[in-house]
Amino acid sequence: DVKVTQSSRYLVKRTGEKVFLECVQDMDHENMFWYRQDPGLGLRLIYFSYDVKMKEKGDIPEGYSVSREKKERFSLILESASTNQTSMYLCASTVTGASYEQYFGPGTRLTVT
Amino acid sequence: GENVEQHPSTLSVQEGDSAVIKCTYSDSASNYFPWYKQELGKGPQLIIDIRSNVGEKKDQRIAVTLNKTAKHFSLHITETQPEDSAVYFCAASEGNFNKFYFGSGTKLNVKP
């Protein structure tokens, strides 16, 4: 069974803290994605990675960075958390070529106070 | 870049009725259009998709139609059931590293 897991379901951090969100997939997928989900805005792409150590900016990369040291793990880093980064963060993965289906994790609800 | 608009933002129907959600896209290079369902507390899950060389696709009570000329596509759910209650997202992609542009979502409420 396909599985994408995210390290935390809920997270509360203070303004200025460095925050790490972890995502792991067990499907040997090449491509991994980080989205944020806000009411009325849908899912917006922050960063994606199509291979180990490779990354590409999405539509809203400002204030975020990513790391992909191993194929199965994709980390989202908030260098200095701000209140406008309070959101739901979703990780997804796909395999190149066979199918376009994105497999999503359950999400991490991050609150920055 | 691509812009996907989705309507309505909320939709309430009686059990057994049909529901229709509509999306428009701006980039004529987009060639793949999936629909995702997100239940409470879960990540989105693919329910149906359509490619640009097809005008309609059906899977049991769910169907998707695509009008490439007008750049719009729609999700149709017939004989709605309470378990269809969820948030639905449309998306568009031109298949480059599977990059997707999502609509803003439709919250469907099916009243028993």
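Each chain gets a letter, A, B and so on, in the order the sequences are listed, and its residues count up from 1. All values derive from a computational prediction rather than experimental measurement.
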Flag side-chain contact, heavy atom, 4.5 Å: Gln37(A) against Phe104(A): no
Distance-only side-chain donor-acceptor flag, Glu15(B) / Thr80(B), under 3.5 Å: no
Side chain, backbone, both or neither: which part of Asp38(A) has a non-hydrogen atom closer than 4.5 Å to chain B? neither
Close side-chain approach of Leu75(B) and Ile47(B), heavy atoms under 4.5 Å: yes
Using non-hydrogen atoms only, which part of Pro34(B) is less than 4.5 Å away from chain A: side chain, backbone, both, or neither? neither
Which bit of Gln38(B) is near chain A, if near means a heavy-atom gap under 4.5 Å: side chain, backbone, both or neither? side chain
Under a 4.5 Å cut-off applied to non-hydrogen side-chain atoms, are Phe100(B) and Leu43(A) in contact? no
Check each atom of Arg9(A) against the heavy atoms of chain B and say whether the ones under 4.5 Å are side chain, backbone, both or neither. side chain
For the interface with chain A, which of Ser9(B), Gly41(B), Pro44(B) has the highest count of heavy-atom pairs at distances below 4.5 Å? Pro44(B)
Below 4.5 Å, heavy atoms only, C-beta onward: do Gln81(B) and Arg61(B) meet side chain to side chain? yes
